[in-house]
Every structure is written in C-alpha cells, then in structure tokens.
Visitor: 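One structure is given below, represented as structure tokens, and several questions about it will come after.
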Amino acid sequence: MDIVLITAVIASLFLVIGAAEPLAARLRLPYTVILAVLGILIGSGAIFFLRTDLTDALNPIAEAILGLPIRSNVFLYVFLPTLLFQATLGMNLRRMLDDWVPILTLAVVAVVVATFSVGFALSWVSALPLAACLLIGAIVSTTDPSAVVSIFRSISAPRRLARIIEGESLLNDAAAIALFGLFMSFVMLGVPDPKLSDALARFPMLIAGGAATGWLTARVAIWVMALFRAHELAIISISVALPYLAYIGAEQTIGASGVIAVVAAGLTLNLAGPGRLPPQAWKNLREVWDLLAHWAGALIFILAALLIPRLLEEIRWSDFALIGVVILAAIAARAVILFGLLPLLTVLRISPAVERPYRSAILWGGLRGAVTLALALAVTESFRVPVEVRRVVGILATGFTLFTLIVQGTTLRSVIKWLGLDRLSPIDEAMSRQVVAVALQTVREDVARTTEAYALTHDIVRSEARLFGDRLDEAVKTAETTADISDRDRITLGLIALAGFERDTILTRVRERIISARMADRIISEADRLIEAARAGGRGGYQKAARRSVAYGRGFRVATVLHSRLGISAPLVRLTADRFERLLSQRLILRDLDAFIDGRIRRIHGRRVAELLHELMARRIEAVETALSGLQLQYPGHSEELERRFIRRTALRMEEREYASMREDGLIGAEVYTTLMQDVAKRRISAEARPHLDIAVQRGEFIRQFSVFADLDDDALRRLGRSLRTRYVDAGKVVMRRDSAAKSVFFIASGAVELSQGRQVWRLGRGDMFGQMAILMSKARRAEARAIAPSTLLVLDEARFRALLKRSPALQEAVRASALQRGIDPEMVLKTGG
C-alpha cells in the first residue's frame with residue numbers, strides 16, 4: 001500500500017482522536033464509547049463506499065482504511081505494552097497494597113470465575129468443543145474500566161474506589177491473556193477436551209517466568225538510567241525501550257507471559273525510579289508516558305473498532321442467542337464475586353468493606369474493549385484454528401463488546417445517578433454552605449483592599465459592594481440555618497481538610513526538593529491514608545492511621561529477624577534509613593499544620609474543633625519525636641548526618657531561589673546563571689545521597705562499646721561474653737514490668753528504651769544499662785521499661801552482675817551516675833549492693 005495513503009489515514013485518525021474527547025464531554029458519554037462508535041462508523045462507511053455503485057471517487061480512501069495492516073500482533077506487541085507500562089508507572093503501589101485483597105479478587109479470581117462460567121455455559125448450549133468455549137470465556141473476561149474510572153473521578157467518588165478499579169484493570173489483563181494463551185494452544189492442537197491439570201501446571205511458569213524477566217530487565221534499565229542521570233532524553237528513551245524488551249524477552253526467550261513481564265518491569269521502575277533518577281527527569285518521564293498511553297489507548301480502540309463490521313459479516317440469527325448466553329454468564333459471574341465473595345471476605349476481616357452502591361457501579365461498569373477485540377482477532381487470524389471456531393469466537397467476542405459499550409457504557413452515568421453516587425452527602429452539603437460563607441467573607445476583605453489600592457471610582461465600588469454584600473448575607477443566613485452538622489462531623493471534616501493540607505504541603509516540599517524524591521511517594525501515601533481513614537472512621541480512624549505511620553511494620557520485623565538470625569543486614573539497613581528520613585520529613589511537615597488550623601479550620605468549624613485538632617497534632621508530634629528519639633539514641637552518628645544533609649538541601653533550595661531572582665531582575669546573565677545552577681546541581685547530588693548506616697556489629701564489639709566494661713582485660717571480656725544472653729525486642733514491647741522481681745540487668749547494645757517511673761521518664765540508648773537499681777537495693781522494680789525502637793539487649797543475671805560490680809571501677813561509677821540521676825544516694829546503693 002502507498003505510504004502516502006497510510007500516513008494520511010493515520011493522521012486523519014489522530015484528528016478523530018482529538019475530536020472524540022470534547023465530543024464525549026459534550027454528550028456526557030465515556031470517551032472509549034465515542035471512539036468505538038466513530039471507529040465502527042468509519043469501518044462501515046469504508047465497506048459501503050467500496051461496495052456501492054454510487055461513486056468510485058472514495059474507493060482509494062476506503063481501500064486504504066480497510067487495508068491498514070491491523071493484526072493482533074500490532075495490538076499485543078505495540079500498543080498493549082505501552083498501556084500496561086504507563087498504568088504501572090501511574091499507580092500508587094503503597095496505597096494499592098491496602099486494598100490488595102479486593103483488587104486481586106476482581107483481577108484474578110473474577111477472571112477465572114468468568115472464564116469458566118462463560119465456557120461451561122456455552123458448552124451446554126452450543127456444539128462447540130469445551131476448549132473453544134473456555135477460550136471465549138478467557139477473551140471476554142478482561143475488562144476495560146477506563147470509562148467507569150473517568151466517571152467516578154468526575155463525580156468526586158472516593159479515591160479508594162478508583163484505585164480498586166485501576167488495579168483490577170491492570171492485573172486482569174495479565175490474568176485473562178495468560179488464560180487465553182493456555183486455551184488457545186489446546187484449540188490450535190485440536191484437543192477436543194483439554195485437561196485442566198495440564199493447563200494449571202503451565203500457569204505458574206507463565207507467571208513466575210514473566211515476573212522474573214520483567215524485574216531483571218527493569219533493574220538493568222534502572223542501572224543504565226542512573227549512569228545517564230545527567231542526560232534526561234537518554235533516560236526517557238531507555239524507559240521507552242524497557243516494556244518492549246521485557247515483553248519480547250519473556251514471550252520469545254522463555255515462553256513466559258509478556259504481560260506479566262511488562263507489569264513487573266513497570267512496578268520495579270515505579271518503586272526504584274524516584275530514588276535513583278533526578279526528580280525533574282522522573283517527572284518528565286511520567287508525562288511522556290502519559291501522552292504515549294493516551295495515543296496508544298485511543299489508537300488501539302479506534303483501530304479495533306474499525307474491524308467490528310468485518311468481524312460481524314457472517315453473523316447468523318442463532319449467534320444472537322449465544323451472545324445473550326455470554327452476556328448473562330459474564331454478568332452473573334461478576335455479580336457472584338461482587339455480592340458474594342467480597343462481602344464474605346469483609347466478614348472474615350480479610351478485605352476492607354466495599355459499599356453496595358459502589359459494587360453495583362463496578363458490576364455495570366465492567367466494560368469490554370480493545371483487548372477483548374485484539375484477542376478475538378488473534379483467533380480469527382490463525383489458520384490452525386477450525387473455521388467455525390474462528391467465526392464464532394469473532395462474533396461472540398465482538399457482540400459482547402458492543403453490548404457492554406453501547407448498552408452499559410451509555411447508561412453507566414444514569415446508573416450512577418440512580419445509585420445516588422453523584423450526590424453530596426448531607427454532611428458535605430451542609431459543609432459546603434459553611435465553606436461558601438467563610439470564603440465570601442475572605443473575598444470581601446481582599447476585594448476591599450484591592451479597590452483601595454487601585455483607587456477605583458467610589459460609586460462603582462459602593463454599588464458592587466452592595467451586590468456582593470447581599471450575596472454574602474444570604475450565604476451567612478443559609479449557613480446559620482444549617483444545624484445538622486454535629487461536633488463529631490465537624491471534627492471529621494476538619495481532619496479531612498487538615499490531612500489534605502498536609503498532602504499539599506508535602507508536594508510543595510518535594511517540588512522544593514527539601515524532601516527527597518525517594519521518600520515522596522511513601523509520605524504522600526501516608527497522607528492519602530489519613531484522608532481516607534478520617535473519612536471512613538472519623539477521629540478514631542485518623543488516629544489509627546497516624547499511629548500506623550510511625551509504627552514498625554511487618555516488613556521491619558522480618559528484616560530484624562533476617563539480621564539477627566541469619567546475618568542478612570541489607571533489608572534492615574534500607575528500612576532503618578528509610579524510617580530515619582521519613583520521620584524527619586514528618587516532623588518538618590507537622591509543625592506547619594498549626595497555622596492552618598488557626599487560619600482556616602477555626603473560621604469554618606469554630607474554636608472547640610480547632611482546639612481538639614491542636615491536641616491531636618500535639619499527640620502526633622509527640623509520637624514522631626518519640627520514634628525519632630529512639631533512632632537517634634540507637635544510631636546517633638547517622639541521625640546527625642541526616643540532619644546535616646537536610647539543612648544542606650534546604651540551603652541549596654534557597655540558593656537556587658536567589659539565583660533565579662537575580663536572573664529575573666537582570667542582575668546576572670544567562671551564561672552566569674547556567675554556570676551557577678550547574679554548580680548547585682553538583683552539590684545537590686552529594687546532599688541527596690544517603691549516608692551509610694552500619695548496623696553489622698558482632699557480640700564482641702557490642703561488649704567493647706560499653707564504657708562500663710572499659711577497664712576489663714580481654715580474658716574478662718571473653719568470659720563476660722559467654723555469660724551475657726542476647727535478647728531481641730520489637731518497638732513497643734515491654735522489657736521490664738513495674739513491681740516485678742529483679743533478677744537481671746540489661747545493657748542496650750542497639751536500639752532505645754524508655755524508662756517510666758510515676759511522672760518521670762528517661763530515655764536510654766546504645767551503651768546504657770537499666771534494671772540495676774532494683775537488684776542493688778533488693779526491692780521490686782519501681783520502673784517500667786519499654787522499647788521505643790527495635791533493640792538488641794544483653795542480659796546479665798544478678799549473681800554475675802554483683803560479682804562484676806565488685807571488680808569493675810567503671811561499672812561502679814556508672815551505678816553512681818545512675819543513682820544520682822534518680823535522686824538516690826549512690827553510696828547507699830553501692831553499700832547495699834556490696
């Protein structure tokens with residue numbers, strides 16, 4: 001075909017893509033539905049003009065349209081990797097993990113259930129072999145929820161709902177295509193009744209091999225990108241090659257799933273990229289991929305729609321009945337998952353609750369699209385598949401896709417409206433009235449200052465002020481008549497606003513590069529979790545999420561076990577360094593929130609709510625300070641170096657700002673400005689590098705680091721080492737209880753411990769000891785000891801401690817200092833202990 005015609009047709013399709021988005025907004029229909037309709041019209045028009053005798057003038061254009069080299073491999077190898085890779089880059093993985101159960105249920109379990117439901121339903125009502133029926137089930141089980149996501153976003157639905165649907169969209173493509181590959185091989189080989197055991201035996205290799213290939217390819221790509229960190233275009237170019245190399249490598253080299261490989265590669269880059277690449281390069285890379293995915297998604301949809309008229313050319317009346325069976329079986333399978341399995345998982349406390357209206361919207365929003373048509377096209381192109389199977393697969397997949405797009409897609413917004421998902425809750429409606437009243441009061445003050453500054457005509461100003469005053473009076477009156485906002489609801493709304501401001505502040509600090517890009521996603525995720533927890537659980541939910549943000553997670557405990565039992569320190573080093581940086585960033589952000597409470601929330605919700613929020617912030621700050629203090633006691637040198645680098649990043653940001661201001665004022669030229677900024681960039685690389693954290697200390701070195709053992713010779717230290725027992729304690733665990741019998745003395749080899757006695761609190765770190773006072777005074781313990789960081793303690797029994805005390809002047813001096821700190825006569829303690 002003439003390259004000029006192909007180029008003209010592709011360019012014209014881009015014009016159609018450009019016109020489809022405003023048309024969809026005007027008609028209030030999903031964008032993908034408009035693309036599909038336009039594609040069907042173009043394909044039908046081309047067939048009509050090619051076969052009609054009315055005119056031959058448009059035949060070259062019609063032939064060019066119908067002769068486009070549209071094959072299934074084009075969809076699967078060109079467009080699909082782009083869509084999958086961009087989706088993984090745009091995902092908030094840490095927030096996705098909060099809803100991993102419903103996501104995997106919809107993406108994997110629902111796909112398998114739909115595949116077998118449709119397959120067995122077709123096998124009962126048709127003469128097709130079971131393998132072909134299961135193949136059709138796999139083809140129609142992959143959803144394209146982009147339409148429902150866009151609609152949910154347009155009505156400000158909870159982010160969690162959109163996140164579940166996006167996660168489903170990403171992973172169900174992988175599951176459905178993997179199942180498609182399994183059953184396609186049985187159909188091509190002509191096996192009339194495939195064995196499920198054979199299919200399931202191959203499935204783990206498809207998944208594991210694809211994941212390993214994607215991860216390895218991404219790690220190599222990230223390493224190369226880091227080498228080219230000064231060349232932004234090179235970084236973006238490598239990222240474009242990454243999904244295709246992963247896809248082809250998995251498919252053609254080891255016979256694994258290319259889809260899984262692309263997903264794994266995208267997830268790996270999503271997690272590691274922000275910390276290894278310059279922030280601006282990462283931002284621009286994401287923007288390039290957003291544009292590529294927009295084009296790929298639109299082209300795959302419109303090109304697939306062009307094929308629909310040809311796929312339906314041989315349709316028969318009996319096929320309509322089979323399409324109905326597919327529709328009923330697919331919807332029923334999805335309903336069983338949404339209204340049967342998900343509520344059961346919620347009752348078992350395995351999955352967070354998904355409200356019934358949202359489950360109904362997800363059910364009706366399960367649109368099928370380009371991937372379904374591409375898989376059907378792959379079957380129709382294969383000459384090894386029987387002719388009748390090819391015809392039925394193409395017709396059933398196309399018919400079902402048209403039903404979801406035309407029937408479900410066009411009515412989805414009405415269904416959402418009928419479910420009441422487009423309306424504000426009573427609390428939000430009442431809140432909006434309060435916000436309007438406060439906002440208008442602020443606007444009136446600002447407008448008054450502005451008119452005075454510009455010396456506008458007095459009569460015009462007075463006339464406009466009167467009109468604005470009337471509107472303000474009406475807004476205030478409406479707000480005052482709203483008495484259905486309880487204090488509890490006001491607290492909830494105030495916490496949501498506070499968490500939203502916290503998120504905005506984090507983004508500002510990231511843009512200013514005061515908070516490193518490595519920590520940005522995690523800290524933003526914690527702010528998102530605060531918003532959703534406050535919205536769902538009010539004050540209690542907010543406090544629970546706040547405690548979770550400073551708690552040691554399961555991964556930290558696993559890393560501690562790996563370090564202490566197996567000597568594998570790398571995971572613990574990374575998590576500890578991450579925790580240091582995250583806590584420092586949280587402390588920075590939390591100190592900015594008091595002004596927001598006084599300046600904004602107090603005006604909307606009143607003094608009582610503001611005071612309560614101040615109290616909650618004080619508790620959060622105290623929790624962060626306690627957690628940070630534990631790490632500072634555990635690793636004092638690392639903490640100091642982190643704070644130094646934080647100050648350097650802040651100073652560099654201010655230095656950049658000064659140079660930019662001088663450039664704008666004309667004090668320095670472009671050449672000088674470029675040179676200065678290059679120098680700042682070099683120093684920033686050093687300031688953003690994370691200092692080394694050394695936690696690999698052996699027991700012998702543990703003992704030597706204690707000043708109380710400084711006067712012991714090597715033989716005594718070895719004997720002492722054999723006498724000491726090692727005890728590992730997680731953060732938050734009680735080490736020593738009040739009123740318990742005194743039998744041991746504890747030495748802190750690493751970590752931090754908080755001693756509390758009445759209202760007195762002492763915090764001890766590496767090299768300190770505790771528990772000796774009760775032993776020496778022969779009394780029950782009066783203090784309680786609690787670990788405030790994962791700690792390694794060396795424990796010495798009473799008899800050996802007393803013997804050691806008699807011959808160690810350094811230990812005696814430490815006991816004296818400890819007694820003086822607690823207001824006890826040290827000589828009396830030593831005399832009693834002796």
Side-chain angles (χ1 to χ4, degrees), residues 80-100 103-104 107 149 159-160 162-174 207 210-226 228-229 232 235-247 250 257-294 296-297 503 506-507 510 515-529 555 574-575 578 581-582:
L80 189 60
T82 301
L83 295 176
L84 292 173
F85 193 73
Q86 186 274 336
T88 57
L89 288 182
M91 288 173 58
N92 188 329
L93 298 179
R94 294 178 178 87
R95 300 297 292 118
M96 288 275 186
L97 291 177
D98 292 342
D99 292 303
W100 68 272
I103 288 174
L104 286 183
V149 169
R159 294 177 185 172
R160 176 171 174 251
R163 198 165 55 236
I164 291 174
I165 297 174
E166 288 171 347
E168 176 202 7
S169 172
L170 177 66
L171 298 178
N172 73 8
D173 284 348
I207 303 299
T213 303
W215 177 83
L216 181 61
T217 308
R219 296 303 302 182
V220 172
I222 292 169
W223 176 73
V224 176
M225 289 180 189
F228 298 160
R229 60 181 299 121
E232 186 175 300
I235 291 173
I236 295 174
S237 300
I238 293 170
S239 76
V240 172
L242 173 57
Y244 297 100
L245 293 177
Y247 191 96
S257 170
V259 175
I260 297 293
V262 172
V263 171
L267 294 178
T268 304
L269 182 59
N270 189 338
L271 288 172
R276 299 290 301 277
L277 305 179
Q280 190 60 39
W282 178 252
K283 178 176 179 292
N284 292 338
L285 182 149
R286 292 275 301 271
E287 291 177 352
V288 167
W289 272 102
D290 288 343
L291 180 60
L292 291 176
H294 174 72
R503 189 180 193 278
I506 293 169
L507 292 173
V510 171
I515 295 177
S516 69
R518 181 189 296 107
M519 286 288 100
D521 287 344
R522 181 168 299 180
I523 300 173
I524 292 172
S525 296
E526 289 173 352
D528 289 336
R529 189 177 289 115
R574 179 176 56 81
L575 290 175
D578 285 348
E581 194 169 350
R582 191 171 78 253

Visitor: Applying side-chain hydrogen bond (donor to acceptor under 3.5 Å, both in side chains), can you list everything that pairs with T213, at least two apart in sequence or on another chain?
Guide: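 Checked T213 against side-chain hydrogen bond (donor to acceptor under 3.5 Å, both in side chains); zero matches.
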
Visitor: Kindly write out the residues that satisfy side-chain contact (heavy atoms from CB on, under 4.5 Å) with I238, not counting sequence neighbours, or none if the list is empty.
Guide: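 Counting only residues at least two positions away or on another chain, I238 forms a side-chain contact (heavy atoms from CB on, under 4.5 Å) with A221, V224, M225, F228.
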
Visitor: Nearest 0.5 angstrom please: L292 CG to L83 CG, how far?
Guide: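 Here the rounded value is 10.0 Å.
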
Visitor: Can you list everything that forms a side-chain contact (heavy atoms from CB on, under 4.5 Å) with W223? Sequence neighbours excluded, please.
Guide: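 If we apply the side-chain contact (heavy atoms from CB on, under 4.5 Å) test to W223, skipping adjacent residues, the hits are L227.
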
Visitor: Within this structure, what is the CD1-CG distance for the pair I235 and L285, rounded to the nearest 0.5 Å?
Guide: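 Rounded to the nearest 0.5 Å, the CD1-CG separation comes out at 8.0 Å.
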
Visitor: Among all residues two or more places apart in sequence or in another chain, which pass the side-chain hydrogen bond (donor to acceptor under 3.5 Å, both in side chains) test with W282?
Guide: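 With neighbours one apart ignored, the set is empty.
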
Visitor: Between atom CG of L242 and atom OG of S237, what is the distance when rounded to the nearest 0.5 Å?
Guide: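 Reported to 0.5 Å precision, the distance equals 12.5 Å.
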
Visitor: Which heavy atom of A527 sits nearest to which heavy atom of I506, and what is that distance?
Guide: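 Answer, listing the atom of A527 first, then I506: CB-CD1, 4.1 Å.
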
Visitor: Minimum heavy-atom separation for G210 to A264, with atom names?
Guide: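 Closest pair (atom of G210, atom of A264, distance): O-CB, 4.5 Å.
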
Visitor: Check salt bridge (charged side-chain N to carboxylate O under 4.0 Å, His left out) between R582 and all other residues, then give those that pass, not counting sequence neighbours.
Guide: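 Salt bridge (charged side-chain N to carboxylate O under 4.0 Å, His left out) list for R582, sorted by chain: E526.
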
Visitor: If you round to the nearest 0.5 Å, how far is OG1 of T268 from CG of L216?
Guide: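 Those atoms lie 10.0 Å apart.
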
Visitor: Of all the heavy-atom pairs spanning N270 and L89, show the shortest one and how long it is.
Guide: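 Nearest pair, atom of N270 first, then L89: ND2-O, 3.5 Å.
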
Visitor: Going from CH2 on W215 to OG1 on T217, what distance comes out if it is rounded to the nearest 0.5 angstrom?
Guide: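 Nearest 0.5 Å value for the CH2-OG1 distance: 10.5 Å.
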
Visitor: What's the separation between atom NE2 in H294 and atom OG1 in T82, rounded to the nearest 0.5 Å?
Guide: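 Rounded to the nearest 0.5 Å, the NE2-OG1 separation comes out at 13.5 Å.
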
Visitor: Nearest heavy-atom pair of A265 and A246: which atoms, and what distance?
Guide: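 For A265 versus A246, the nearest heavy atoms are CB-CB, 4.2 Å.
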
Visitor: Which heavy atom of S239 sits nearest to which heavy atom of F85, and what is that distance?
Guide: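 Result for this residue pair: O-CE2, 3.9 Å.
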
Visitor: In chain order, what residues pass the salt bridge (charged side-chain N to carboxylate O under 4.0 Å, His left out) check against E232, with sequence neighbours excluded?
Guide: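 Salt bridge (charged side-chain N to carboxylate O under 4.0 Å, His left out) list for E232, sorted by chain: empty.
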
